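Step one of this worksheet: look at the structure below.
Residue indices begin at 1 and follow the sequence shown. Since the structure is predicted, the reported quantities are computational estimates derived from the model, not experimental observations.
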Amino acid sequence: STSSLTRGSEMYSKCIYPPVAQLAPAVQEVEDRQQMSAAFQRVQHSEEGALTRDSARQVRAARQSLGDLPLIVLSRDRFPPPENATPERLSRMETRYQMWLGLARDLASLSTNGQHRIVAGAGHDIEIDRPQAVIDATREVLAIVRQRARNGIVNQ
């Protein structure tokens, strides 16, 4: 029930993402309201269940080579541990983090020219937390594509 999702409550700290410093207060307020909705919490619960049950299996089943297509997969850094987190919660967080990294490595491995990078200091929203890392990776891929085009090389 979202009725117990009041600021400062234990349930709120477990279910609502921490504020994003780079967001304007009005935008953050909209984010908070959205996350506090029953619909958001249902989807979040469903997504996490699907992730732990299905995602790795689905990635393997759908696996097909991307040849040597330039590909850089960016992953967030570890989340800082919540205050007063129990060892069990820390263990679940680490397990989930390692699972995400595995999926990212799997994705990068679909190309012989794929790379996986962990962006230090980035959270879930890498483009907000470390926009330069996204810009740099995009420029790097574009430089490879442009060089190949100049050399008349088509992706295999």
Next on the checklist: Applying side chain to side chain contact (heavy atoms under 4.5 Å, CB included) to R78 and M93, what does each step give before you reach the verdict?
Outcome noted: CA-CA 9 Å; R78 283 182 169 78; M93 287 176 69; over 6 Å; no

Please check if the side chain of [X] supplies one atom and the backbone of [Y] the other of a donor-acceptor pair under 3.5 Å.
{"X": "T95", "Y": "S91", "answer": "yes"}
{"X": "Y97", "Y": "F79", "answer": "no"}
{"X": "D77", "Y": "A120", "answer": "no"}

Checklist entry - Same cluster or not: are I144 and L110 linked, directly or through other Ile, Leu, Val, Met, Phe, Trp or Tyr residues, by side-chain heavy atoms under 4.5 angstrom apart? => result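 No, because I144 and L110 fall into different hydrophobic clusters, even though each may have its own neighbours under 4.5 Å.
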
Next on the checklist: With clusters defined by side-chain heavy atoms of hydrophobic residues (ILVMFWY) lying less than 4.5 Å apart, directly or transitively, does L71 cluster with L69?
Outcome noted: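 L69 and L71: one cluster.
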
Next on the checklist: Name the residue from I118, V119, T138 that meets the side chain to side chain contact (heavy atoms under 4.5 Å, CB included) definition with L74.
Outcome noted: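 Filter result, single survivor: V119.
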
Checklist entry - Within a strict 4.5 Å, meaning less than it, do heavy atoms of the R148 and D68 side chains meet? => result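 Of all side-chain heavy-atom pairs linking D68 with R148, at least one is under 4.5 Å.
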
Next on the checklist: Is there a side-chain contact between R105 and V73 in this structure, where contact means two heavy atoms from C-beta onward sitting under 4.5 Å apart?
Outcome noted: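 SC-SC contact between R105 and V73 ruled out.
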
Restricting to non-hydrogen atoms, name the atom on [X] and the atom on [Y] that form the minimum distance, rounded to 0.1 Å.
{"X": "P70", "Y": "N113", "answer": "CA-ND2, 3.7 Å"}
{"X": "E140", "Y": "I72", "answer": "CD-CD1, 3.8 Å"}
{"X": "L90", "Y": "A85", "answer": "CD2-CB, 3.8 Å"}
{"X": "D129", "Y": "A122", "answer": "OD2-C, 3.7 Å"}
{"X": "H116", "Y": "S75", "answer": "NE2-OG, 2.6 Å"}
{"X": "I128", "Y": "P131", "answer": "O-CD, 3.5 Å"}

Checklist entry - Would Q115 and R117 satisfy side chain to side chain donor-acceptor pair (under 3.5 Å), going step by step from the backbone distance to the final call? => result CA-CA 7 Å; Q115 300 175 43; R117 298 179 186 166; 2.7 Å; yes

Checklist entry - Linking Ile, Leu, Val, Met, Phe, Trp and Tyr through side-chain heavy atoms less than 4.5 Å apart, which residues share a cluster with V30? => result none

Next on the checklist: One pair to check against side chain to side chain contact (heavy atoms under 4.5 Å, CB included): D125 and E127. What are the steps and the verdict?
Outcome noted: CA-CA 5 Å; D125 299 306; E127 71 284 0; 3.9 Å; yes

Checklist entry - Just wondering, more than 12 heavy atoms not from N84 lying within 6.0 Å of its CG? => result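 No, not enclosed.
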
Next on the checklist: Please check if the number of heavy atoms outside R150 that lie under 6.0 Å from its CZ is greater than 12.
Outcome noted: yes

Next on the checklist: Nearest 0.5 angstrom please: E94 CD to M99 CE, how far?
Outcome noted: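 Atom-to-atom, E94:CD and M99:CE are 11.5 Å apart.
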
Checklist entry - Do R92 and E88 sit within salt-bridge range, that is, some charged N less than 4.0 Å from a carboxylate O? => result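 Result for this pair is no, no salt bridge flagged.
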
Checklist entry - Between F40 and R42, is there a cation-pi geometry (under 6.0 Å to ring centre, at most 45° from the normal)? => result no

Checklist entry - Do Q35 and R33 get their side chains close enough for a donor-acceptor pair, meaning under 3.5 Å? => result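 There is no such pair (donor and acceptor under 3.5 Å, judged by atom type) between the side chains of Q35 and R33.
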
